Amino acid sequence: MKKDLISMEDLSIQEITDYLTAAVKVEAMPLNERVQFLPGRIMATLFFEPSTRTRLSFESAMHQLGGSVIGFAEQSATSVSKGESFTDTIHTVENYSDILVIRHPGEGTARLAAKESHLPVLNAGDGSNQHPSQTLLDLYTIQKDLGKIEGIKMAFIGDLKYSRTVHSLIRALMKLNVTDFTLVAPESLRLQKYFMSNDEPGKYQFKETDDIEEAIKNCDVLYMTRIQRERFPDLVEYEKVKDSYVLTASMLKEAKEHARVLHPLPRVREIAYDVDKTKHAGYFPQMKNGVIIRQAILLKHLGVQL
Ligand code: CP
């Protein structure tokens with residue numbers, strides 16, 4: 001049976017752990033061994049929304065595994081611009097490839113593609129909903145940098161309403177027994193209550209605050225996000241909040257010695273460039289981990305046992 005990766009909600013703790021374990025094995029493997037895994041296999045990248053990291057790291061991952069890549073980076077280059085439907089596009093591309101990687105602005109589109117296609121579908125971001133491969137690379141980075149995930153204290157800062165990376169990651173962390181969350185967001189971009197609900201009353205603490213310095217002092221991981229202009233129905237609202245939080249190196253003076261600043265990237269102004277030189281900056285290695293975790297994902301979903 002084919003296996004899709006659509007939402008962190010679908011994954012058990014064991015499945016999440018399996019991806020992370022596979023990534024450790026992949027990273028330890030020399031490139032000349034990895035290249036033997038997927039010769040003749042084709043990955044299609046269907047990107048209806050812009051991307052740098054996700055698309056190119058998936059493509060790099062597939063090339064390093066010996067496979068090849070087809071696809072498009074924008075809708076305007078496809079027959080969708082002539083009026084072809086999303087599902088007809090899926091049914092077309094599935095004839096030319098072995099696995100589909102899809103990014104689309106519409107929430108639920110990856111799940112629709114998975115339902116329509118006989119191929120494995122990997123969700124590379126559907127609107128504000130989910131971005132599971134990003135979450136797996138975030139978890140891999142945390143595990144690598146801090147040596148553990150369970151019990152860490154998380155602070156999320158920025159756009160918590162529209163950020164699919166935040167939505168995916170919070171759900172995964174809750175499954176992995178992370179219980180202490182500090183949330184810093186402008187009033188209009190707060191995390192929806194739905195994400196804080198669960199079946200274990202009292203287990204999780206979500207502290208909403210405007211005190212960014214306090215959040216920095218207490219956390220093990222500071223997860224910054226971009227205020228996403230493209231998600232705002234009204235750009236006047238975007239202008240009001242776009243520079244709400246800007247992290248600078250001096251603000252990290254009170255941070256724990258081991259604290260890491262992560263960000264799914266791209267950044268705009270929310271992390272000042274002087275943070276890059278601090279010992280806390282974890283977002284560049286985090287981005288680099290994208291190739292490793294996506295190799296682990298491709299291998300698993302194309303049926304290769306490590
Ligand atoms: N983190 C992430 O999804 O980046 P891109 O939009 O560049 O793919």
Side-chain angles (χ1 to χ4, degrees), residues 5-8 19 23 43-64 69 71-77 99-110 113 121-142 144-145 154 156-173 189 221-232 238 242 247 260-271 275-276 281-298:
L5 177 61
I6 306 300
S7 167
M8 293 310 291
Y19 284 110
M43 176 184 79
T45 49
L46 288 66
F47 275 60
F48 295 86
E49 254 193 354
S51 166
T52 299
R53 276 147 291 270
T54 309
R55 186 172 65 83
L56 296 181
S57 64
F58 259 119
E59 294 190 357
S60 175
M62 190 62 176
H63 285 302
Q64 286 187 14
V69 178
F72 54 84
E74 51 182 311
Q75 180 172 304
S76 62
I99 191 163
L100 306 178
V101 181
I102 300 179
R103 170 171 288 190
H104 196 285
E107 295 186 15
T109 39
V121 171
L122 308 179
N123 182 5
D126 61 325
S128 300
N129 186 30
Q130 285 277 312
H131 194 348
S133 67
Q134 176 71 43
T135 295
L136 291 169
L137 88 81
D138 293 344
L139 295 174
Y140 187 64
T141 303
I142 294 170
K144 240 172 121 172
D145 290 0
M154 289 292 304
F156 287 91
I157 299 183
D159 172 3
L160 309 188
K161 180 178 180 186
Y162 294 118
S163 172
R164 57 192 172 207
T165 63
V166 171
H167 300 162
S168 275
L169 183 56
I170 284 186
R171 279 304 198 200
L173 289 168
L189 295 178
V221 174
L222 182 67
Y223 197 92
M224 298 292 299
T225 62
R226 175 174 66 95
I227 309 284
Q228 303 170 88
R229 187 176 187 274
E230 67 273 25
R231 304 277 177 235
F232 279 77
Y238 168 75
K242 67 178 185 186
L247 182 70
R260 303 295 281 167
V261 178
L262 300 185
H263 190 311
L265 304 177
R267 71 172 150 186
V268 186
R269 283 177 295 273
E270 63 279 3
I271 299 182
V275 177
D276 298 357
Y283 33 92
F284 294 130
Q286 175 190 8
M287 168 247 288
K288 194 172 171 196
N289 289 334
V291 174
I292 297 297
I293 202 76
R294 289 178 174 119
Q295 286 182 353
I297 293 169
L298 286 167

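What you see is a predicted model, and the numbers here were worked out from it, not measured in a lab. We count ligands from 1, going down the list as the structure has it; atoms in each ligand are counted the same way.
Ligand 1 places these atoms under 4.0 Å from at least one heavy atom of Leu265: 1 (N), 2 (C), 4 (O). Near Thr52, with a cut-off below 4.0 Å to any heavy atom, the atoms of ligand 1 are 5 (P), 7 (O), 8 (O). Close contacts of ligand 1 with Gln134, meaning ligand atoms under 4.0 Å from a residue heavy atom, involve 1 (N), 2 (C).
Ser168 contributes a side-chain N or O that, together with a main-chain N or O of His131, makes up a donor-acceptor pair within less than 3.5 Å.
When hydrogens are left out, the protein atom nearest atom 1 (N) of ligand 1 is Pro264 O, 2.8 Å; that is the closest non-hydrogen contact.
Contact annotation: the side chain of Arg267 approaches that of Asp276 to within less than 4.5 Å [non-hydrogen atoms, C-beta and beyond]. In this structure the side chain of Arg294 reaches within 4.5 angstrom of the side chain of Leu137, judged on heavy atoms.
Between Thr54 and ligand 1, at least one pair of N/O atoms sits closer than 3.5 Å.
The closest approach between His131 and ligand 1 falls below 4.0 Å for a heavy atom of the residue.
In this structure, Tyr19 has its ring center no closer than 6.0 Å to that of Tyr140.
The pair Glu49-Arg231 meets the salt-bridge criterion, since a charged nitrogen lies less than 4.0 angstrom from a carboxylate oxygen.
Under 4.0 Å from ligand 1, the heavy atoms of Arg103 that appear belong solely to its side chain.
Seen from the ring of Phe47, Arg103 does not count as a face-on cation partner, given the 6.0 Å and 45° thresholds.
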